[in-house]
Amino acid sequence: MFSVSRLCALKTTPRLFLRCESTKADQLITINNKTYKSDPEFTNVTPSIIAHVNRSLHKKPNHPVNILRDLIEKKLSSVDNAFTTYNNFAPVVSTFENFDSLGFPADHPGRSKSDTYYVNDKTLLRTHTSAHEMECYNKIDLTGKPGFLISADVYRRDEIDKTHYPVFHQMEGCRIWKNRSIDEVKVDLKVLQKKLDEHEMNLIVEDQSLDNTPEKNPKQQYMTDQEVDLVSQHLKRSLELVISEVFNQKINSMKKEKKSVNIPNELKVRWVNAYFPWTAPSWEIEVWWNNDWLEICGCGIVQQQVLLNAGYKKDSTISWAFGLGLDRIAMLLFEIPDIRLLWSEDNRFINQFKDGQINTFKPYSKYPGTTRDVAFWLPDSSEVSTEIHENDLMEIVRNAAGSLVESVKLIDRFQSTQTNKTSLCYRINYQSMDRNITNDEVNEIQKQVEAELIDKFHVSLR
């Protein structure tokens with residue numbers, strides 16, 4: 001739900017005014033042994049993306065993503081054993097589960113085909129773990145625990161570079177108080193605060209959100225000021241405990257490895273106001289690390305409509321929720337320079353890590369890369385039938401090159417004064433993380449990219 005850097009209104013991607021051919025009708029798509037009928041207007045999921053469905057790095061032993069997930073789950077559960085964990089949800093969900101149940105507006109950019117992998121008009125590959133939030137709320141009475149943690153692989157069409165990948169992993173946590181029991185919240189907060197006070201990490205907290213006015217970060221009308229204060233304190237102390245544990249392990253690892261850098265003896269964090277459609281009020285927490293403020297997590301008090309959608313009675317319940325991206329934090333903690341490495345099956349990568357430990361990744365080789373440019377004229381405006389985001393071009397490259405592409409960047413754009421046509425030039429950097437690639441191999445991939453651009457987008461190569 002809240003994966004930072006992908007929060008709320010997803011970032012706007014440049015649009016290329018190109019013509020895109022629709023998927024053929026009546027095609028069938030099989031995902032996890034279940035078959036779906038495609039939709040010529042919506043289907044945009046590709047075989048290369050479907051191939052990632054069963055990788056589940058968040059459950060893979062001795063993998064950095066799994067190590068981080070397990071660390072967070074254990075620390076939160078150590079407080080009062082209040083959380084049920086869910087790590088096995090299938091990735092295909094309905095548009096209602098992914099968007100409507102959470103109050104996404106109809107025009108929210110996250111619903112766009114340029115950002116989301118649709119199986120058909122009613123189903124898609126989840127874009128966040130919150131797609132399962134309503135189901136988990138419904139199970140609270142069965143589990144007997146007032147909270148839950150969801151970890152899963154999520155899917156979004158995105159740019160290609162060292163920090164973005166179309167499949168990544170999120171963790172989401174929720175805690176609920178039925179009957180809005182203030183006394184119960186106070187008891188839970190006292191237990192949590194004791195756990196935080198006992199932690200060896202020296203945490204310096206700055207809370208900019210304390211300067212709130214109702215206009216800056218409004219609360220929901222059905223909640224009292226005291227409820228908001230106590231529940232927000234419980235949420236913030238929970239996340240401060242998680243961050244204390246995670247970064248304390250990183251600092252201890254740095255000391256053990258005797259890194260030559262300045263090792264901090266304290267950790268500074270700050271709370272800032274944020275906005276999400278499904279929580280109010282909402283916040284982000286940032287950590288001061290390597291001389292910069294890094295966004296770690298988004299969170300807030302769950303909108304009552306989400307709780308009503310889950311079957312709770314009006315004005316009866318209060319809950320908080322948070323969400324974070326496991327891959328990005330794992331890359332930070334293990335010092336992994338390229339997100340593609342997380343998907344590597346090379347033993348030189350896999351064998352460096354062990355469950356329960358945070359250690360620094362040691363590069364095993366730097367294979368040479370090579371670049372190719374693809375330049376083309378966009379069709380005349382009279383030929384354009386569809387606005388296509390830059391992500392569609394990224395998909396063409398990704399489908400042709402797979403993990404052999406490191407980055408794709410627009411390096412030139414100009415408009416001809418004679419023809420009034422627009423020209424674009426993209427530079428594609430090919431580099432494998434695990435082996436050498438040949439010029440012949442790259443040239444064949446480049447031909448595929450060019451052929452797809454011509455076939456799907458009706459461009460003219462320069």
Side-chain angles (χ1 to χ4, degrees), residues 3 5 48-73 87 91 151-156 158-171 246-247 249-254 256-261 289-290 294 324-370 397-408 428-438 441-442 445:
S3 180
S5 296
S48 64
I49 295 300
I50 294 174
H52 288 75
V53 163
N54 292 315
R55 295 289 301 276
S56 300
L57 302 184
H58 65 292
K59 299 189 296 181
K60 186 176 181 180
N62 303 315
H63 191 281
V65 175
N66 175 70
I67 294 169
L68 177 59
R69 173 197 59 79
D70 184 64
L71 177 62
I72 296 173
E73 287 180 354
N87 299 320
S151 295
D153 43 340
V154 298
Y155 302 76
R156 292 188 192 156
D158 214 336
E159 61 194 282
I160 299 176
D161 60 32
K162 290 185 177 183
T163 61
H164 292 86
Y165 203 76
V167 189
F168 57 104
H169 301 78
Q170 282 187 346
M171 171 180 279
V246 168
F247 280 87
Q249 289 217 18
K250 172 60 178 175
I251 291 170
N252 287 339
S253 170
M254 294 168 67
K256 185 177 180 181
E257 294 171 358
K258 298 180 180 179
K259 294 177 73 75
S260 58
V261 298
W289 191 257
N290 290 333
L294 303 177
L324 54 83
L326 291 170
D327 304 54
R328 194 172 62 88
I329 300 175
M331 290 176 67
L332 171 70
L333 297 173
F334 292 88
E335 300 182 33
I336 296 170
D338 193 310
I339 195 169
R340 292 178 297 161
L341 280 165
L342 293 176
W343 296 90
S344 175
E345 295 183 309
D346 191 316
N347 285 331
R348 291 172 295 178
F349 176 80
I350 296 170
N351 293 339
Q352 290 195 34
F353 310 104
K354 185 177 180 181
D355 284 344
Q357 298 180 10
I358 292 177
N359 58 279
T360 301
F361 165 70
K362 297 178 181 179
Y364 43 84
S365 185
K366 177 72 172 178
Y367 293 99
T370 183
V397 177
R398 186 176 284 120
N399 289 334
S403 61
L404 298 182
V405 60
E406 178 187 80
S407 62
V408 179
I428 306 173
N429 184 22
Y430 296 96
Q431 183 184 40
S432 172
M433 305 303 298
D434 303 320
R435 62 179 178 85
N436 284 311
I437 53 177
T438 66
E441 185 178 8
V442 172
I445 294 172

For Gln249, which of Leu68, Leu71, Ile67 qualifies under side chain to side chain contact (heavy atoms under 4.5 Å, CB included)? Leu71
Smallest separation among heavy atoms of Val65 and Leu57, with atom names: CB-O, 4.1 Å
Please determine whether side chain to side chain contact (heavy atoms under 4.5 Å, CB included) holds for the pair Leu326 and Ile72, giving the CA-CA distance in whole Å, both sets of side-chain angles, and the decisive distance to 0.1 Å. CA-CA 10 Å; Leu326 291 170; Ile72 296 173; 4.2 Å; yes
Assess the residue pair Leu404 and Arg435 against the criterion (side chain to side chain contact (heavy atoms under 4.5 Å, CB included)); give the C-alpha distance rounded to whole Å, side-chain angles, the decisive distance to 0.1 Å, and a yes or no. CA-CA 10 Å; Leu404 298 182; Arg435 62 179 178 85; 3.7 Å; yes
Sidechain-backbone polar pair: His63 side chain, Leu342 backbone, donor-acceptor under 3.5 Å: yes
Check for a donor-acceptor pair, side chain of Ser56 on one end and backbone N or O of Lys59 on the other, with a separation under 3.5 Å. no
Testing the basics here: between Met171 and Ser151, what is the closest heavy-atom pair and its distance to 0.1 Å? CE-OG, 3.3 Å
Phe361: what forms a side chain to side chain contact (heavy atoms under 4.5 Å, CB included) with it, not counting sequence neighbours? Ile336, Pro337, Leu341, Phe349, Gln352, Phe353, Pro363, Tyr364
Could you tell me whether a side-chain N or O of Arg398 sits under 3.5 Å from a main-chain N or O of Ser48, the two making a donor and an acceptor? no
Return the orientation label for the His169 and His58 ring planes: parallel under 30°, perpendicular over 60°, tilted otherwise. tilted
Do Arg348 and Asp346 meet the salt-bridge criterion of a basic N to acidic O distance under 4.0 Å? yes
Can a side-chain donor-acceptor contact be found between Ser253 and Asn359 if the only test is distance below 3.5 angstrom? no
Looking only at heavy atoms, which two atoms of Val442 and Tyr430 are closest? And how far apart? CG1-CD1, 3.4 Å
Closest non-hydrogen contact found for Lys250 with Trp289 is CG-CZ2, 3.8 Å
Work out which heavy atom in Lys354 is nearest to a heavy atom in Asn62; give both atom names and the distance. CA-OD1, 3.5 Å
Could you name each residue pair satisfying salt bridge (charged side-chain N to carboxylate O under 4.0 Å, His left out) that touches residues 355-366, not counting sequence neighbours? none
Donor-acceptor side-chain pairing of Thr163 and Asp161 below 3.5 angstrom: yes
Test side chain to side chain contact (heavy atoms under 4.5 Å, CB included) applied to Pro91 - qualifying residues, sequence neighbours left out: Asn32, Val53, Leu125, Arg126, Tyr155
Which heavy atom of Ala401 sits nearest to which heavy atom of Val405, and what is that distance? CB-CB, 3.9 Å
Can you check salt bridge (charged side-chain N to carboxylate O under 4.0 Å, His left out) on Arg340 and Asp338, steps first, answer last? CA-CA 5 Å; Arg340 292 178 297 161; Asp338 193 310; 3.1 Å; yes
Donor-acceptor contact below 3.5 Å, side chain Gln170 vs main chain Val154: no
